[in-house]
Amino acid sequence: MRPDRTPLTLLLIGAAILAVGPFAPQWTLFLLTVALAKGLVVLGLMMLLRCGLVSFGQALYYCLGAYAAGMLGRLYEVSGVFTLMLAGMATSAFVAFVLGFLLARYRSIFFGLLSLAISMILYGLLVKTEALGSSDGFNVLPSTLFGWRPADEWVRYSVLAVAAGVAVIAALAVHRYLGTPLGRLAPAIKDNEIRVEYMGASARQAVHVKYVIAAALAGLGGALAATTVGHIDPEMAYWTTSGEFIFITILAGTGSVIAPFLGALIFGIIQTVAFDISPNTWQMVLGASLLAVIVFLPRGLWSLFRRRKAA
Amino acid sequence: MHVMKRAIVAVAAAALVPAFAAAQDAPLKIGVVSFLSGAAAGPFGVPARNGAEIMFEMLNAGKVPAPYATKGFGGAPLQMNLVDESGGTTVQVTEFRNMVQRDNVDLIIGYISSGSCLGIAPVAEELKKLTVFFDCGTPRIFEEKSYKYVFRTASTATMDSVGAALYVKDLKKGKIKTIAGLNQNYAWGQDSWKDFEASMKNLTPGVKVATSQMPKLFAGQYNAEISTILGAKADVVHSSFWDGDLEAFILQAGPRGLFKRSTVILTTGETAMYKLADRIPDGVVIGARGPYGPFAPDNELNQWFSKTFQDRYGVPPNYAAYQMAQAILGTKAAWERAQAANGGKRPDTDQVIAAFERLTFISPGGKVEMAIGGGHQAITETAYGVSRKVKGKMTVANVKRYPAEMVNPPDGVKAEDWIANGFKK
């Protein structure tokens with residue numbers, strides 16, 4: 001058996017980001033931070049996809065996490081970045097725990113559409129809430145690191161460093177989880193659920209647990225995105241946001257816990273290049289690149305790394 | 001050796017040239033942000049982009065009438081860096097940062113959605129980049145915070161609702177007992193109705209709200225709402241619908257006689273009036289979010305702008321195009337004022353800001369005063385009129401104009417409080 005190189009690779013990537021960050025242009029730091037936030041959401045989606053479940057409503061937890069962080073600042077002037085992320089994570093995990101009793105019973109298209117419907121309910125509620133700025137949303141307080149705010153030119157780097165640290169920890173944790181018996185049930189649930197039940201495991205429970213973890217990751221990503229971008233609005237829960245996460249999941253592939261972050265970064269780069277070179281038709285460039293990945297790399301970008309290893 | 005020497009000279013020259021050119025005639029890179037895709041592209045985004053294209057081209061050629069006859073901004077040619085406004089706030093903040101830090105734009109003019117404006121303003125402040133909003137409506141931007149680097153050259157949406165209320169009161173000579181609303185259930189629709197309702201209650205005491213219908217954005221089907229409004233028999237019906245929703249409403253309400261039964265006021269009706277000329281009966285109150293389009297004053301600048309636009313694109317410029325032109329000309333006025341104060345040399349951002357604050361300038365829509373929001377928010381007069389077809393052509397008749405101070409709150413007063421306190425100066 002080959003030694004597991006994922007943890008070491010993850011740590012090296014994290015260290016590389018920390019080392020290169022101070023010398024990189026400011027706009028790349030922002031791009032990378034947003035990619036890490038989205039990567040966290042996609043990491044959760046990847047776990048669900050391994051069970052054969054596609055959530056068309058993961059934006060629900062992304063938005064919940066962001067609003068939990070934003071509300072803490074708005075109501076109680078809490079600005080500690082770790083507090084905000086914990087709040088986002090906890091809120092999303094709690095809601096997912098409750099909704100999980102319903103959703104863990106469903107599979108395939110029923111699971112997808114039900115999750116989509118719930119995220120659109122949150123969107124509808126937020127748009128009707130004038131106290132929270134309705135569809136315009138509101139600004140999030142500038143975040144602090146244990147009460148300390150770095151100097152202006154170091155803010156972007158600090159946020160990126162926090163994001164990278166959190167992303168590495170989350171990826172390591174998920175990687176570890178995927179190696180446990182409960183985590184290894186995922187492909188089995190995808191292939192044959194009856195067999196899983198005969199083995200004495202509960203597929204519903206396994207799905208429920210994964211659903212909660214995926215939601216917690218999405219909430220974490222949402223809170224991180226909120227403090228990074230500085231503004232939140234209900235569109236974070238809109239179905240197009242969920243669609244974007246699925247887009248990235250397909251782009252990335254489910255081969256490794258590193259894939260979601262790579263996918264989110266590539267997505268961000270394609271999007272910003274498309275915006276730059278063809279402002280009138282950037283969506284077409286994005287769509288074409290997804291088509292190209294589906295046609296040439298049916299297992300996602302990650303298969304590029306796989307193939308090389310096998311060779 | 002000789003080669004080496006030549007290389008050194010060439011490098012030195014190359015290093016000197018940009019430094020030299022940057023002094024005066026180096027092009028100014030301006031980020032222009034407008035909806036190029038999605039629902040808001042057709043009625044607002046694309047006309048605004050067209051307005052920007054014409055203004056950039058004509059300014060660079062020095063063909064704009066006085067007082068804007070100088071080329072570019074104070075002699076420096078303008079370069080456009082066009083960005084689509086769709087994709088959500090995260091994308092917009094990312095692209096804003098890219099424009100500033102990657103593409104090194106000198107300033108940014110743009111943003112139609114209030115959500116974009118609210119999200120961008122703190123980032124503009126963080127990056128210390130002069131940013132001019134040209135269209136977005138929410139008064140929250142300068143009410144919730146004060147900004148140094150952010151300006152808005154169009155009046156807020158408050159003006160549209162207050163102007164609408166004043167106009168229907170004049171039109172119906174105060175004989176209004178009940179009002180009804182049909183607005184989209186999102187920030188723009190909610191705020192428009194809230195301000196209109198409060199203004200009506202202030203202007204015509206005792207007025208009752210018969211019904212306020214808030215269907216969801218882009219619902220497309222409004223027959224149930226129209227039935228409710230017809231049943232409510234309101235004297236005045238207010239709607240801030242735009243584009244597809246506005247057209248759907250006009251098409252569905254016309255045959256059912258809503259326009260005959262009630263005085264209907266369409267605050268953004270101007271964007272649909274030419275397209276649906278056959279479907280809009282006479283007597284519908286039409287607004288253009290300010291003195292734009294058919295409400296623009298008859299001066300040389302406006303004659304030039306509407307003719308140039310019409311010749312190029314085959315349609316008259318709508319209010320979004322006017323607002324874009326207004327933002328570009330306002331920035332030009334501030335830029336050149338700062339340049340004059342700087343002894344004719346290219347001004348820096350702080351100098352442009354100092355010249356922009358409390359500036360009064362002329363646009364195709366008339367006089368614009370950067371009077372509120374600490375000198376960063378424009379106020380203009382506004383106008384409303386009723387539709388009237390003259391020989392098959394859509395026009396507005398019975399136009400009434402309301403001076404800027406009458407329809408905009410004074411500096412430092414929140415729009416909501418100003419209306420609630422009876423429009424106190």
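Note that this is a predicted model, so its numbers are computed, not measured. Residue numbers begin at 1 in each chain, while the letters A, B, ... track the order of the sequences.
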Under 4.5 Å from any heavy atom of chain B, what part of [X] do you find: side chain, backbone, both or neither?
X: A:Q26; value: both
X: A:N139; value: side chain
X: A:F138; value: both
X: A:V34; value: side chain

Quick one: of [options], who has the most non-hydrogen atom pairs under 4.5 Å with chain B?
options: A:G133, A:P142, A:A225; answer: A:G133
options: A:E235, A:Q271, A:E130, A:Q283; answer: A:E130
options: A:D152, A:T281, A:D276; answer: A:D276

Counting only heavy atoms closer than 4.5 Å, note whether [X] contacts chain A via side chain, backbone, both or neither.
X: B:S116; value: neither
X: B:K216; value: neither
X: B:V91; value: side chain
X: B:T90; value: both
X: B:E126; value: side chain

Problem set entry | Aromatic plane relationship, B:F218 with B:W242 - under 30° parallel, 30 to 60° tilted, over 60° perpendicular |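 Rings of B:W242 and B:F218: perpendicular, as their planes differ by over 60°.
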
Exercise. Which word best sums up how the rings of B:H376 and B:F142 line up, parallel for under 30°, tilted for 30 to 60°, or perpendicular for over 60°?
Worked result: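 Answer is tilted, since the angle falls between 30° and 60°.
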
Exercise. Would you call B:E416 and B:R140 a salt bridge, taking side-chain N to carboxylate O under 4.0 Å as the test?
Worked result: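 Salt bridge absent between B:E416 and B:R140.
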
Problem set entry | N-O pairing of A:K38 and A:E244 below 4.0 Å |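 Salt bridge between A:K38 and A:E244, a charged N being under 4.0 Å from a carboxylate O: yes.
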
Problem set entry | Test side-chain hydrogen bond (donor to acceptor under 3.5 Å, both in side chains) applied to B:Q92 and B:T89, step by step | CA-CA 5 Å; B:Q92 284 314 310; B:T89 316; over 6 Å; no

Exercise. Would you say A:T227's side chain and A:S143's backbone share a donor-acceptor pair under 3.5 angstrom?
Worked result: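 Pair absent, no side-chain N/O of A:T227 close to backbone of A:S143.
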
Problem set entry | B:D84 and B:S86: side chain donor to acceptor below 3.5 Å |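 Yes, because at least one side-chain N or O of B:D84 sits under 3.5 Å from a partner of the opposite role on B:S86.
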
Exercise. So with a 6.0 Å cut-off around CD of A:E153, is the heavy-atom count from everything else above 12?
Worked result: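 More than 12 within 6.0 Å, yes.
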
